[in-house]
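Report on one structure; see the data block that follows.
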Amino acid sequence: MMLPGTPDLAGRTVLVCGEARAARRAVARYRDAGAEVLTAVAPSDLAPSGVAPSDSTPAEAAPGRPTRPEVLDRVALVVVVRTGADDDGWGALAARCRERGILLVAEPAAASGGNVTLVGGGPGRADLLTVAARAALAQADVVFYDRLGPAGPDSVIPAAELVAALAPGADLVDVGKTPGHHKVPQGEIERQLVEAALAGRTVVRLKGGDPFVFGRGAEEVRACAEAGVPVTVLPGVTSAISVPGAVGVPVTHRGVSKLFTVASGHQPFSEDELEHLAGLGGTIVLLMGVGTLPQTTAGLLRHGLAPETPAVVIERGFCDTQRSTAAPLDRLALAAAEAKCSSPAVIVIGDVVASGDDWTRLAEEFGAGSGEGVRA
Ligand code: SAH
């Protein structure tokens, strides 16, 4: 799959110029796009005098490397990988490209030491990735991803295909988990991230939503830090706020709610927790809360939340099959059971649910999936 705006380079020749290690991402990416990739590690490789010094680079580090300047006769695109120096010697090549009308693009060098970037992938639509997330993916040597990445839980585009398009040339490792079935244990994910970075690779750990919202991101950061691996965290659009927004439900609304609490319903809440949640008086947002919904709603009612408090279950936000099931709190669990609501879903409880003028209409206008809505 090609990203929109990517030129079709199948069968064309691309010349990638730059030191082999710095240029490895560009080489992998253009190969992946179907181009025949030639490389030149030093300007002398393309000097009119012909052949590059044989000791400049081991052959395996510069696959397909041209040895004669005539190579420019057949290239469609020249890519110069910049290592930071202002005058890295490629200026004459740029002039020759201009003369011959050959397209030339410059791009930054791939990182030389191994590192890990935790990337927040947003809630299920590739266009909700941040610019920084896309850049990190484009530079990755290896991407560890799972089910709730930008492809979303039920995307028509398989997660692997989408990640491959965003990180062309990178090795892809699916460490996805399905509820109750841990494909790759957390400790093993951390071990693999660290191992890849210590081997000098640029590693991206792509996570759904924001890495620090129920994403175990902090555990991965700690594992890297303990191993001395440089680690960066790129925030993502969290489902906790964006999925309610996808159906027109604001988590705060002037005069209606001035606070929102995001809680995990993965385990049933204790009586103390239910009492506090019910007493807060703002919006309650539950993630991973479908399985425990009957206990949660019963507990909140027991601790004094009004039975008519508006509430909604939003499944598969931003996906083609996005669906909302709305009901007053005392009927929410029943409505969700009747509609066979399933994970992943965000549950919102509070007056904000009714404060949008008409959330089903807003959902349709937003264009996220069918915007199907059920009211009980
Ligand atoms: N880090 C993620 C949350 C991970 S916990 C974030 O910031 O969004 C996984 C839970 O997130 C799911 O069980 C579900 O409650 C919620 N979730 C993630 N993506 C979702 C989506 N597209 N639609 C509805 N809920 C989603």
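This structure is a prediction, so every number in the text was calculated from the model and none was measured. Count residues from 1 along the sequence. Remember, it's 1-based here, ligands and their atoms both numbered in the order they're listed.
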With atoms numbered from 1 as shown, which atoms in ligand 1 lie under 4.0 angstrom from a non-hydrogen atom of [X]?
X	answer
P123	21 (C), 22 (N)
A345	14 (C), 15 (O), 24 (C), 25 (N)
R316	23 (N), 24 (C)
T238	6 (C), 7 (O), 8 (O)
L287	3 (C), 11 (O), 15 (O), 16 (C)
F214	4 (C), 5 (S)
S343	13 (O)
V346	24 (C), 25 (N)

V243 to ligand 1: N or O pair under 3.5 Å? no
Got an N/O contact under 3.5 Å between G208 and ligand 1? yes
Between H303 and the options E271, E273, E275, the side-chain hydrogen bond (donor to acceptor under 3.5 Å, both in side chains) test singles out E271
So which of V80, I102, L15 actually passes side chain to side chain contact (heavy atoms under 4.5 Å, CB included) with C97? I102
Can you pull the side chain to side chain donor-acceptor pair (under 3.5 Å) pairs that have at least one residue in residues 217-236, sequence neighbours excluded? Q186-E220, R205-E220, K207-E220, R216-E219
Cluster overlap V237 with V251, hydrophobic side-chain contacts below 4.5 Å: no
Going hydrophobic residue to hydrophobic residue with side-chain gaps under 4.5 angstrom, can you get from V184 over to V173? yes
Closer than 4.0 angstrom: is that true for some heavy atom of P344 and an atom of ligand 1? yes
Part of V213 with heavy atoms under 4.0 Å of ligand 1, whether side chain, backbone, both or neither: both
With a 4.5 Å heavy-atom cut-off, do T283 and D351 have their side chains touching? no
Between T261 and V285, is any pair of side-chain heavy atoms under 4.5 Å apart? no
From the candidates G209, P211, S239, the one that places a heavy atom nearest atom 11 (O) of ligand 1: S239
Below 4.0 angstrom, N of the basic side chain to O of the carboxylate: do R82 and E19 qualify? no
